[in-house]
Number of protein chains: 2
Amino acid sequence: MPALDDTDIKILNALQQDGRLSNAELAAKVNLSPSACLRRLHLLMAGELVAGTHLVLDQKMVGYPGTAYVFLTLDGQDRKQLDAFEARIKLIPQVQECYLLAGQADYLLRVVYKDSEDLERLHSEVLTRLPGIRRVQSTMTLRTVKRTAMLPL
Amino acid sequence: MPALDDTDIKILNALQQDGRLSNAELAAKVNLSPSACLRRLHLLMAGELVAGTHLVLDQKMVGYPGTAYVFLTLDGQDRKQLDAFEARIKLIPQVQECYLLAGQADYLLRVVYKDSEDLERLHSEVLTRLPGIRRVQSTMTLRTVKRTAMLPL
DNA sequence: AAAAAATGCGTATAGGCGTACCCAAGGAAA
DNA sequence: TTTCCTTGGGTACGCCTATACGCATTTTTT
């Protein structure tokens with residue numbers, strides 16, 4: 001990755017906060033002319049550094065007020081079984097994140113749900129029926145204290 | 001919140017995938033004239049539904065390849081102590097998420113780190129020194145299987 | 001059932017913005 | 001010192017955004 005100077009960092013931080021800033025607004029924020037700003041922007045966007053820019057919706061407002069973490073234990077750990085499991089997990093929209101933990105057979109999921117009934121359904125009708133699942137343990141969250149996508153630069 | 005029809009959902013889904021789509025591109029995607037599309041877009045953006053749009057960077061590329069989950073146990077559970085803790089947590093950039101769990105004294109954090117040394121520092125020099133902390137237990141992730149911000153609509 | 005009101009699309013137009021290109025200035029390399 | 005390379009500013013052109021207006025369809029009212 002290319003070296004980032006202070007201006008690049010200012011640009012990235014501004015766009016982390018508001019990804020729909022126009023180039024003109026951005027240029028004003030970082031004290032650059034629009035043309036110079038746009039050139040840097042294009043280089044940054046073309047680089048490997050940026051994963052994308054996304055609209056983020058209010059979880060409550062779209063009907064998914066609940067967030068839970070789910071620990072999954074698989075009974076086998078061979079490659080083929082893990083791949084099958086992971087392919088399936090990626091298709092479940094309510095699963096927002098999935099990490100492989102130590103031991104090659106434990107996964108951690110973050111799921112969103114509409115209400116307790118929905119979580120129960122997700123738990124018993126979807127997750128437990130995934131291939132090779134031995135154990136499903138959910139931890140509900142009571143409140144979101146902090147949630148950010150701002151990486152420190 | 002206002003009722004969403006199919007076109008609204010198409011717009012939101014398109015912007016969840018690519019938040020920098022221009023109105024013209026968006027209009028083409030959802031089979032609408034630019035003006036009609038823009039009108040809907042403004043209404044949606046002004047509503048409570050949208051939390052914002054953000055540039056998301058590649059964690060590895062910006063030097064934070066590691067993700068860990070940290071369970072925190074506090075020794076007191078009075079309101080004042082929790083507020084003090086939460087205010088401090090919000091100021092730590094490496095803490096990407098923080099949830100209150102059941103029991104009013106357990107928190108779950110998702111943190112990013114540069115290397116094991118960095119995680120160790122975060123663990124022993126930052127988190128354990130937060131006010132009212134009794135126990136800090138970290139769980140490292142080996143691999144990110146899935147990570148999305150797409151909420152099902 | 002007819003009329004009126006409301007909702008929402010498309011077209012048109014003016015102005016602003018994104019885009020590409022050129023030039024200038026500063027610093028590094030030879 | 002000369003040349004090259006990097007990076008910022010300026011300008012011209014074309015597209016996009018924004019707003020107003022007219023029209024069609026649906027819904028409400030009487």
Side-chain angles (χ1 to χ4, degrees), chain A residues 1-64 149-153, chain B residues 1-64 93 114 149-153:
Chain A
M1 89 169 173
L4 299 176
D5 63 12
D6 293 351
T7 304
D8 288 323
I9 289 176
K10 274 201 252 180
I11 290 174
L12 292 175
N13 276 332
L15 288 176
Q16 281 194 93
Q17 291 181 313
D18 183 357
R20 272 190 92 77
L21 279 174
S22 71
N23 180 59
E25 293 167 315
L26 190 60
K29 256 187 204 288
V30 302
N31 299 319
L32 229 58
S33 71
S35 62
C37 186
L38 186 66
R39 198 176 322 132
R40 294 179 94 114
L41 186 58
H42 281 168
L43 287 174
L44 289 170
M45 291 297 193
E48 309 283 297
L49 217 109
V50 174
T53 118
H54 305 280
L55 182 77
V56 1
L57 299 175
D58 186 303
Q59 223 180 286
K60 287 198 187 90
M61 287 293 168
V62 296
Y64 289 91
M150 290 263 304
L151 288 168
L153 296 174
Chain B
M1 87 169 172
L4 299 176
D5 63 13
D6 293 350
T7 305
D8 288 323
I9 289 176
K10 274 201 251 180
I11 290 176
L12 292 175
N13 277 332
L15 288 176
Q16 281 193 93
Q17 290 181 314
D18 183 358
R20 275 191 88 80
L21 281 174
S22 74
N23 179 60
E25 293 167 313
L26 190 61
K29 256 187 203 289
V30 302
N31 299 320
L32 229 58
S33 71
S35 67
C37 186
L38 187 66
R39 201 174 319 133
R40 295 178 94 113
L41 185 59
H42 282 167
L43 286 175
L44 289 170
M45 290 298 192
E48 308 284 297
L49 217 110
V50 173
T53 119
H54 305 280
L55 183 77
V56 1
L57 299 174
D58 186 303
Q59 224 179 285
K60 288 199 184 88
M61 287 293 168
V62 296
Y64 288 91
K114 293 177 183 296
M150 290 262 305
L151 288 168
L153 294 175

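To find a chain, count down the sequence lines: A is the first, B the second, and so on, and within it residues start at 1.
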Quiz prompt | Closest non-hydrogen atom pair between B/Ala14 and B/Leu26, with its separation | solution = CB-CD1, 3.7 Å

Quiz item: Given D/dT17, C/dA20, C/dG10, which nucleotide is nearest the side-chain atoms of A/Ser35?
Solution: C/dA20

Quiz item: Given C/dC9, D/dC16, C/dA20, which nucleotide is nearest the side-chain atoms of B/Ala36?
Solution: C/dC9

Quiz item: B/Arg40 has an atom CZ; how far is it from atom P of D/dT17, in whole Å?
Solution: 17 Å

Quiz item: Looking only at side-chain N and O atoms, does A/His42 come under 4.0 Å of OP1 or OP2 in C/dG18?
Solution: no

Practice problem: Please state how far atom CG in A/Asn31 lies from atom C1' in D/dG9, giving the value in whole angstrom units. | Solution: 14 Å

Quiz prompt | Minimum-distance pair of heavy atoms, taken over all atoms of B/Leu41 and B/Asn23 | solution = CD2-OD1, 4.2 Å

Exercise. Could you state the atom-to-atom distance from CG of A/Leu43 to P of D/dC5 in whole Å?
Key: 17 Å

Quiz item: Minimum heavy-atom separation for B/Glu48 to A/Met61, with atom names?
Solution: O-CG, 3.5 Å

Quiz item: Of A/Glu25 and A/Arg39, whose closest DNA chain C nucleotide lies nearer the 5' terminus?
Solution: A/Glu25

Self-check item: Atom-to-atom span, CG of B/Leu38 to C1' of D/dA20 - whole angstrom
Solution: 13 Å

Self-check item: Whole-Å gap separating P (D/dT6) and CG (A/Asp8)
Solution: 15 Å

Practice problem: Using atom CZ of B/Arg20 as one end and atom C1' of D/dC16 as the other, report the distance to the nearest whole Å. | Solution: 14 Å

Quiz item: Rounding to a whole Å, what distance do you find between B/Leu32:CG and C/dG8:C1'?
Solution: 9 Å

Quiz item: With respect to the phosphate group of C/dG18, does any side-chain polar atom (N or O) of A/Ser22 fall under 4.0 Å of OP1 or OP2?
Solution: yes

Self-check item: Heavy-atom pair with the smallest gap, counting every atom of A/Gln16 and A/Ala149
Solution: OE1-O, 3.3 Å

Self-check item: Spacing between B/Asn23 atom CG and C/dG15 atom P, to the nearest angstrom
Solution: 20 Å

